[in-house]
Student: 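Input: one structure, supplied below.
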Amino acid sequence: MQISLLGIWREAFINDADLELARSSYAQLSPQPYQPWLDKLDLKQFYSLPIPKSYLYCTEDNVLPQGDWGWHPRMSSRLGLFRLVQMPGSHEVMFSNPVSLAEKMIVAGCD
C-alpha cells in the first residue's frame, strides 16, 4: 500500500481539516531547508532571559507523538516558568482555525 504525500500531510500535520482544505494548504507548501535541523544551537542564554514566556499547545498536533515525546511537556518544560495556552487544533492550525489561533496568541502575550 502506497501512502501519498498528501495523505501524510493530512494525517500528521492538518488532521483537523477537511479534504478540500488539506489539498489547498498542501498546494501552498514550499521546500524547507534541512540544515537547520542538523545545526546545534546554544540556547542557554535564551532560556535564562528574565522575560515572560508562554507556550501555545495545540492539543491535536500529531507531528510528534502525544505523551512523553510530544511537544508538551517535553519542549515547553525548557522554558522554566511559563504560561501554558492550549487550544484544539493540528500542527497547521493557522490554516484550519486562524481566528482562534490569533485569539490564543493574544492570550499568550498578555501579562
Side-chain angles (χ1 to χ4, degrees):
M1 182 170 128
Q2 183 177 349
I3 299 175
S4 71
L5 292 178
L6 174 60
I8 293 169
W9 169 253
R10 185 170 188 206
E11 294 306 316
F13 290 89
I14 195 162
N15 54 306
D16 59 342
D18 61 26
L19 183 56
E20 182 179 336
L21 180 57
R23 283 184 176 143
S24 67
S25 60
Y26 183 79
Q28 297 177 55
L29 296 179
S30 58
Q32 179 177 343
Y34 191 70
Q35 191 62 41
W37 289 92
L38 301 175
D39 292 341
K40 296 284 184 185
L41 297 176
D42 182 359
L43 296 173
K44 291 177 194 157
Q45 186 176 11
F46 169 77
Y47 290 128
S48 67
L49 290 172
I51 57 173
K53 299 172 182 96
S54 294
Y55 191 89
L56 178 57
Y57 175 55
C58 293
T59 56
E60 284 75 43
D61 185 344
N62 290 330
V63 170
L64 292 178
Q66 298 285 336
D68 292 341
W69 288 97
W71 298 106
H72 173 71
R74 184 173 68 98
M75 299 286 197
S76 60
S77 66
R78 299 175 184 179
L79 295 174
L81 182 63
F82 67 95
R83 171 184 290 130
L84 177 62
V85 178
Q86 296 185 81
M87 68 176 289
S90 67
H91 193 74
E92 299 297 335
V93 73
M94 68 194 109
F95 288 111
S96 58
N97 196 347
V99 172
S100 184
L101 175 60
E103 291 168 348
K104 294 296 184 176
M105 290 174 76
I106 290 168
V107 170
C110 289
D111 245 350

Student: side-chain contact (heavy atoms from CB on, under 4.5 Å) with S24: which residues, sequence neighbours excluded?
Tutor: L21
Student: Using links of under 4.5 Å between side-chain heavy atoms of ILVMFWY residues, direct or through other members, which residues join W69 in one cluster?
Tutor: none
Student: Looking only at heavy atoms, which two atoms of L56 and M105 are closest? And how far apart?
Tutor: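 Closest approach of L56 to M105, heavy atoms only: CD2-CG, 4.2 Å.
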Student: Would one find more than 12 heavy atoms of other residues, nucleotides or ligands at under 6.0 Å from atom CE of M75?
Tutor: yes
Student: Write down the atom of G70, the atom of L64, and the distance for their closest heavy-atom approach.
Tutor: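 Looking at all heavy atoms of both residues, the closest pair is CA-CB, 4.1 Å.
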Student: Can you list the residues that meet the side-chain contact (heavy atoms from CB on, under 4.5 Å) rule with V107, with sequence neighbours excluded?
Tutor: V85
Student: Would you be so kind as to tabulate the donor-acceptor pairs closer than 3.5 Å made by side chains of residues 39-46, with sequence neighbours excluded?
Tutor:
from, atom 1, to, atom 2, distance (Å)
D39, OD1, Q35, NE2, 2.7
D42, OD1, K44, N, 3.2

Student: Counting only heavy atoms not in D18, do more than 12 sit closer than 6.0 Å to its CG atom?
Tutor: yes
Student: Just how far is it from atom NE2 of H91 to atom OG of S96, taken to the nearest 0.5 Å?
Tutor: 11.5 Å
Student: Just wondering, more than 12 heavy atoms not from R74 lying within 6.0 Å of its CZ?
Tutor: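 Check passes, neighbour count above 12.
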Student: So, taking the atom named CD in E60 and the one named CD in Q66, what distance separates them when rounded to the nearest 0.5 Å?
Tutor: 7.5 Å
Student: Could you see if L81 belongs to whatever hydrophobic cluster contains Y55? Use Ile, Leu, Val, Met, Phe, Trp, Tyr and a side-chain cutoff under 4.5 Å.
Tutor: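 The answer is no; the residues belong to distinct hydrophobic clusters.
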Student: Please round to the nearest 0.5 Å and tell me the distance separating atom CD of E103 and atom CG of N97.
Tutor: 8.0 Å
Student: May I ask whether L49 and Y47 are part of the same hydrophobic cluster, defined by side-chain heavy atoms of I, L, V, M, F, W, Y residues being less than 4.5 angstrom apart, directly or through others?
Tutor: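 Linked within one cluster.
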Student: Is there a side-chain contact between K104 and V93 (heavy atoms, below 4.5 Å)?
Tutor: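 Heavy-atom side-chain distance check fails, nothing below 4.5 Å.
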Student: Going from CH2 on W71 to OG on S76, what distance comes out if it is rounded to the nearest 0.5 angstrom?
Tutor: 11.5 Å
Student: Listed by chain and number, what are the side-chain contact (heavy atoms from CB on, under 4.5 Å) partners of S25, not counting sequence neighbours?
Tutor: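 side-chain contact (heavy atoms from CB on, under 4.5 Å) check on S25 returns W9, I14, F95.
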Student: Output the distance between atom CZ (R78) and atom NZ (K53), rounded to the nearest 0.5 Å.
Tutor: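 Nearest 0.5 Å value for the CZ-NZ distance: 14.0 Å.
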Student: Could you go through R10 and L19, starting from their C-alpha distance and side-chain angles, then the distance that decides it, and tell me whether this counts as side-chain contact (heavy atoms from CB on, under 4.5 Å)?
Tutor: CA-CA 8 Å; R10 185 170 188 206; L19 183 56; 3.8 Å; yes
Student: If I compare all heavy atoms of D16 with all of G89, which pair ends up nearest, and what's the gap?
Tutor: OD2-CA, 3.4 Å
Student: If you round to the nearest 0.5 Å, how far is CD1 of I8 from OH of Y26?
Tutor: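 It comes to 8.5 Å.
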Student: G7 and S4: which non-hydrogen atoms are nearest, and at how many Å?
Tutor: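 Shortest heavy-atom contact: N-OG, 2.8 Å.
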Student: Of all residues at least two apart in sequence or in a different chain, which pass the side-chain contact (heavy atoms from CB on, under 4.5 Å) check with Q32?
Tutor: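 Listed in chain order: W37.
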Student: When hydrophobic residues are tied together by side-chain contacts of less than 4.5 Å, even through go-betweens, does V63 share a cluster with L5?
Tutor: yes
Student: Of the non-hydrogen atoms in S54 and A108, which two are nearest, and what is the gap between them?
Tutor: OG-O, 2.5 Å
Student: Taking side chain as C-beta onward, heavy atoms only, is L6 less than 4.5 Å from R23?
Tutor: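 Yes, at least one pair of side-chain atoms sits under 4.5 Å.
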